[in-house]
Number of protein chains: 2
Amino acid sequence: MSIKYAILGFLSWKSLTGYELKKLFTGSETLYWSGNNNQIYTTLAQLYREKLVTKEVQHQESSPSRKVYTITDTGLAALKQWLAAAPELPQLKNSFLIQLMWEDQLEPDELNALLDNYEEELRVRLLMVQEQERRRKASPAATPRTAYLWDMIGKNWISFYEHELNWLRQLRQELPNVPPKQEGSR
Amino acid sequence: MSIKYAILGFLSWKSLTGYELKKLFTGSETLYWSGNNNQIYTTLAQLYREKLVTKEVQHQESSPSRKVYTITDTGLAALKQWLAAAPELPQLKNSFLIQLMWEDQLEPDELNALLDNYEEELRVRLLMVQEQERRRKASPAATPRTAYLWDMIGKNWISFYEHELNWLRQLRQELPNVPPKQEGSR
DNA sequence: GTTGCCATGTAAGGTGTTACATGATTTA
DNA sequence: TAAATCATGTAACACCTTACATGGCAAC
């Protein structure tokens, strides 16, 4: 349940509304919930129940009242404890690799179309992440250390996709040299 | 819902029981459900309802009767369609990167302990995956092409963890040169 | 006039994990 | 005598996504 701590993290910098948090999540690869407002609003309600945040309701004539959330001392303590807690390993789910496992059952041109498709999607995503990074770097960071860490997080993502692309290119280069499938080899 | 097609994939090679499938899933990084028998048994029931597989019950005196599942022609067609379908991008969830986002709030020695911990876990996992690969390569593959593809899938995983380790080492090398956090910089 | 921004939420459904339940046989 | 293997499954819960619902205001 790291969305809880991601929210506390942002609130440790400054008080925010659910909507502002949603915008911060949107367009971040790392915060993979990416603007899923359901989880943001329900998690905020949960944090409020657990007294890790306080809520200030700002009534407005027009449309819903803004709810500004502020982290409590208990919240800060909970955040700090999580920050120091044993990290989990990354969780990578790549259904493309599952497809590849039985790719032998496809015709060469079908496979080629599949690989084209995957390569194209990877390239588009890489460009998106690079663009995101460029924009993020433009906004100032709290400390040089934070700036460095966020840069490294961005690099992690960029090189993840670059790496996947390189792997794919190697595969596409070598595959024609591998004896093709035998017909009726089921 | 790719577990459905992963099961059909295995059944396209030979008929299997739920228990045998469970063993095939266990210890595969790619098949990330890794021995979650709940999903295997429920998915098999679903595949049976959808007539993508047939079931042969083998009664045994002692303990539950084995249920051997066989793929149908409809099942083979469904599998082939999925194999040719547009691949999804990999989905990477790395809560360690989320922790890093606010690591500024930790003391240098706490951060160091965290990085130690992550590096160690990565190294252990890398060894596990390499060992898995070594064992998998020992068992014969259906076709040279399948062998090649499975090798590439293994390489993808190994280099994923190697890559993450390299990134971490770079971070640990550069971090001491970055000005430390300012006290009370909340 | 349609799109986008502000701002909150609910409902439903899909996916995934962990624990529980049973019980015989084999291996250490 | 304890454990692992064979073999099936259920229950509860956690997590995540998508769609729905409302409605004013500003910009193009």
Side-chain angles (χ1 to χ4, degrees), chain A residues 1-7 10 15-50 53 55-69 82 88-95 98, chain B residues 1-7 10 15-50 53 55-69 82 88-95 98:
Chain A
M1 244 292 213
S2 43
I3 194 175
K4 185 170 153 175
Y5 297 101
I7 289 175
F10 281 121
S15 298
L16 293 164
T17 68
Y19 187 73
E20 287 167 325
L21 281 164
K22 189 185 139 190
K23 281 192 295 183
L24 288 169
F25 276 71
T26 304
S28 165
E29 287 281 305
T30 313
L31 306 173
Y32 53 85
W33 307 268
S34 280
N36 175 352
N37 56 354
N38 175 330
Q39 257 177 296
I40 288 171
Y41 285 114
T42 53
T43 305
L44 277 170
Q46 188 203 323
L47 289 172
Y48 181 69
R49 261 182 282 124
E50 295 172 1
V53 300
K55 163 167 66 171
E56 192 205 346
V57 182
Q58 294 179 351
H59 288 286
Q60 297 172 130
E61 283 112 63
S62 60
S63 63
S65 37
R66 284 162 51 84
K67 295 183 183 173
V68 182
Y69 292 91
W82 180 76
E88 287 167 46
L89 283 171
Q91 235 190 305
L92 175 58
K93 296 180 185 177
N94 195 340
S95 70
I98 303 180
Chain B
M1 244 295 215
S2 43
I3 194 174
K4 184 170 152 175
Y5 299 100
I7 289 175
F10 281 120
S15 299
L16 293 164
T17 68
Y19 187 73
E20 286 166 327
L21 280 163
K22 189 185 139 189
K23 280 192 295 183
L24 288 168
F25 276 71
T26 303
S28 164
E29 286 282 304
T30 312
L31 306 172
Y32 53 86
W33 307 267
S34 279
N36 176 354
N37 55 355
N38 176 331
Q39 258 176 297
I40 289 171
Y41 285 114
T42 54
T43 305
L44 277 170
Q46 188 203 323
L47 289 172
Y48 181 69
R49 262 182 282 125
E50 296 172 3
V53 299
K55 164 167 67 170
E56 191 206 344
V57 183
Q58 296 180 347
H59 288 286
Q60 297 173 131
E61 282 112 64
S62 61
S63 65
S65 38
R66 284 161 52 85
K67 297 183 180 171
V68 182
Y69 292 91
W82 180 76
E88 287 168 47
L89 282 172
Q91 233 190 308
L92 176 57
K93 296 181 184 176
N94 194 341
S95 70
I98 304 180

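Predicted model only: the values in this text are computed from it and were never measured. Scope of the values below: all heavy atoms of this structure, side chains included, with no hydrogens, waters or symmetry mates.
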> Enumerate the residue pairs fulfilling salt bridge (charged side-chain N to carboxylate O under 4.0 Å, His left out) with a member in residues 30-48 of chain B, sequence neighbours excluded, ordered by first and then second residue.
none
> Counting heavy atoms not belonging to B:Tyr48, are there more than 12 under 6.0 Å from its OH?
no
> Could you give the NZ-to-P distance, from A:Lys55 to C:dA7, as a whole number of Å?
16 Å
> Would you kindly give the CG-to-C1' distance between A:Leu89 and C:dT17, to the nearest whole Å?
17 Å
> With sequence neighbours excluded, tell me which residues meet side chain to side chain contact (heavy atoms under 4.5 Å, CB included) with A:Ser2.
A:Tyr32, A:Trp33, A:Trp82, B:Ser95, B:Ile98
> Under the side chain to side chain donor-acceptor pair (under 3.5 Å) test, which residues partner B:Asn36, sequence neighbours left out?
B:Gln39
> What is the distance from CG of A:Leu31 to C1' of D:dC15, rounded to the nearest Å?
16 Å
> Of the non-hydrogen atoms in A:Ile40 and A:Ile7, which two are nearest, and what is the gap between them?
O-CD1, 4.2 Å
> Below 4.0 angstrom from OP1 or OP2 of C:dT17, is there any side-chain N or O of B:Asn36?
yes
> Which residues satisfy the side chain to side chain donor-acceptor pair (under 3.5 Å) test with B:Thr43, sequence neighbours excluded?
none
> Please produce a list of atom pairs where a protein N or O lies less than 3.5 Å from an N or O of nucleotides 4-8 of chain D.
residue, atom, partner, partner atom, Å
D:dC6, OP2, B:Tyr19, OH, 3.0
D:dA7, OP2, B:Arg66, NH1, 3.2
D:dT8, OP1, B:Lys67, N, 3.0
D:dT8, OP2, B:Tyr19, N, 2.6
D:dT8, OP2, B:Tyr41, OH, 3.1

> Between atom CD in A:Gln46 and atom C1' in D:dC15, what is the gap in whole Å?
12 Å
> Can you name the atoms? Protein N/O to nucleotides 11-15 of chain C N/O, anything below 3.5 Å, with the distance.
residue, atom, partner, partner atom, Å
C:dA11, N6, A:Asn38, ND2, 2.3
C:dT15, OP1, B:Met1, N, 3.3

> Name all residues meeting the side chain to side chain donor-acceptor pair (under 3.5 Å) criterion together with B:Ser15; count only those two or more places apart in sequence or in a different chain, and write none if there are none.
B:Thr70
> Rounded to whole angstrom units, what separation is found between the NE2 atom of A:His59 and the C1' atom of C:dT8?
13 Å
> Can you give each donor-acceptor pair under 3.5 Å made by side-chain atoms of residues 16-25 of chain A, sequence neighbours left out, with the distance rounded to 0.1 Å?
residue, atom, partner, partner atom, Å
A:Thr17, OG1, A:Tyr19, N, 3.4
A:Thr17, OG1, A:Glu20, N, 3.1
A:Thr17, OG1, A:Glu20, OE1, 3.4
A:Glu20, OE1, A:Thr17, N, 2.8

> In whole Å, I'd like the distance from the CD atom of A:Glu88 to the P atom of D:dA14.
16 Å
> Specify the angle, to 10°, made by the local axes at the two ends of the helix from C:dG1-D:dC28 to C:dA28-D:dT1 when five pairs are taken at each end.
40°
> Which residues satisfy the salt bridge (Lys or Arg N to Asp or Glu O under 4.0 Å) test with A:Glu56, sequence neighbours excluded?
none
> Of all residues at least two apart in sequence or in a different chain, which pass the salt bridge (Lys or Arg N to Asp or Glu O under 4.0 Å) check with B:Lys4?
B:Glu50
> Could you tell me which residues satisfy side chain to side chain contact (heavy atoms under 4.5 Å, CB included) with A:Thr42, sequence neighbours excluded, listed by chain and number?
A:Asn38
